[in-house]
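Notes follow once the structure below has been shown.
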Amino acid sequence: MEAIIFTKDQFTELMSKLDTIQSQINAKANPKQETYLGSVEFLKLLDVSKRTAQTWRDEGKISFSQVGSKIYYKLSDVEKFMQENYNKAFKSR
């Protein structure tokens, strides 16, 4: 087996390049694409009326985006909303 000797500067440069490659791999492996739900999808998912969704928006309970007259909800916001309103059972069987 052959030994390879690096100077401190060469080793630092090599590690820097490896860190750059690792961060590029991680960026491609974990694309951060948010999923948006339209109003109809949101209403069906939570089984609520248009008026209930409007009330939640008016009260600031759920975040949303509005483009013209269209309303969109981030799936992550909907999941967060449901988790925040989760109530654990009072007694177990």
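All figures in this text were calculated on a predicted structure; none of them were measured in a lab.
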Rounded distance [0.5 Å steps], OG1 in Thr7 versus CG in Leu14: 10.5 Å
Minimum heavy-atom distance Gln10-Ile5, with the two atoms named: OE1-O, 4.3 Å
Rounded distance (nearest 0.5 Å) linking atom OG1 of Thr52 with atom CZ of Arg57: 10.5 Å
From Asn85 atom CG to Lys80 atom NZ, the distance as rounded to the nearest 0.5 Å: 11.5 Å
Criterion side chain to side chain contact (heavy atoms under 4.5 Å, CB included) against Leu37, the qualifying member of Val78, Asp77, Leu46: Val78
Atom pair CD (Gln54) and OG (Ser49), whose distance is rounded to the nearest 0.5 Å: 10.5 Å
Straight-line distance of Ile25 CD1 to Thr20 OG1, nearest 0.5 Å: 11.0 Å
Set of residues satisfying side-chain hydrogen bond (donor to acceptor under 3.5 Å, both in side chains) with respect to Ser63, sequence neighbours excluded: none
Atom CG of Asp19: over 12 foreign heavy atoms under 6.0 Å: yes
Single-linkage hydrophobic cluster Val67~Tyr36, side-chain heavy atoms < 4.5 angstrom: yes
Lys50 side chain near Ser39 side chain, heavy-atom distance below 4.5 Å: no
Side-chain donor or acceptor of Gln66 paired with backbone N/O of Gly68 under 3.5 Å: yes
By side-chain hydrogen bond (donor to acceptor under 3.5 Å, both in side chains) - contacts of Glu79 (at least two apart): none
side-chain hydrogen bond (donor to acceptor under 3.5 Å, both in side chains) against Ser16, all qualifying residues, sequence neighbours excluded: none
Those residues that, when tested against Glu41, pass salt bridge (Lys or Arg N to Asp or Glu O under 4.0 Å) (two or more places apart): none
Minimal non-hydrogen separation, Leu43 against Ala53, with atom names: CD2-CB, 3.7 Å
Gln83 atom CD: more than 12 heavy-atom contacts under 6.0 Å: no
Euclidean distance, Lys74 NZ relative to Ile62 CD1, rounded to 0.5 Å: 11.5 Å
Residue pairs passing the ring pair (Phe, Tyr, Trp, His ring centres under 6.0 Å) test where at least one lies in residues 43-74, sequence neighbours excluded: Phe42-Tyr73, Trp56-Phe81
Pairs where residues 1-12 contributes a residue and the test salt bridge (charged side-chain N to carboxylate O under 4.0 Å, His left out) is met, not counting sequence neighbours: none
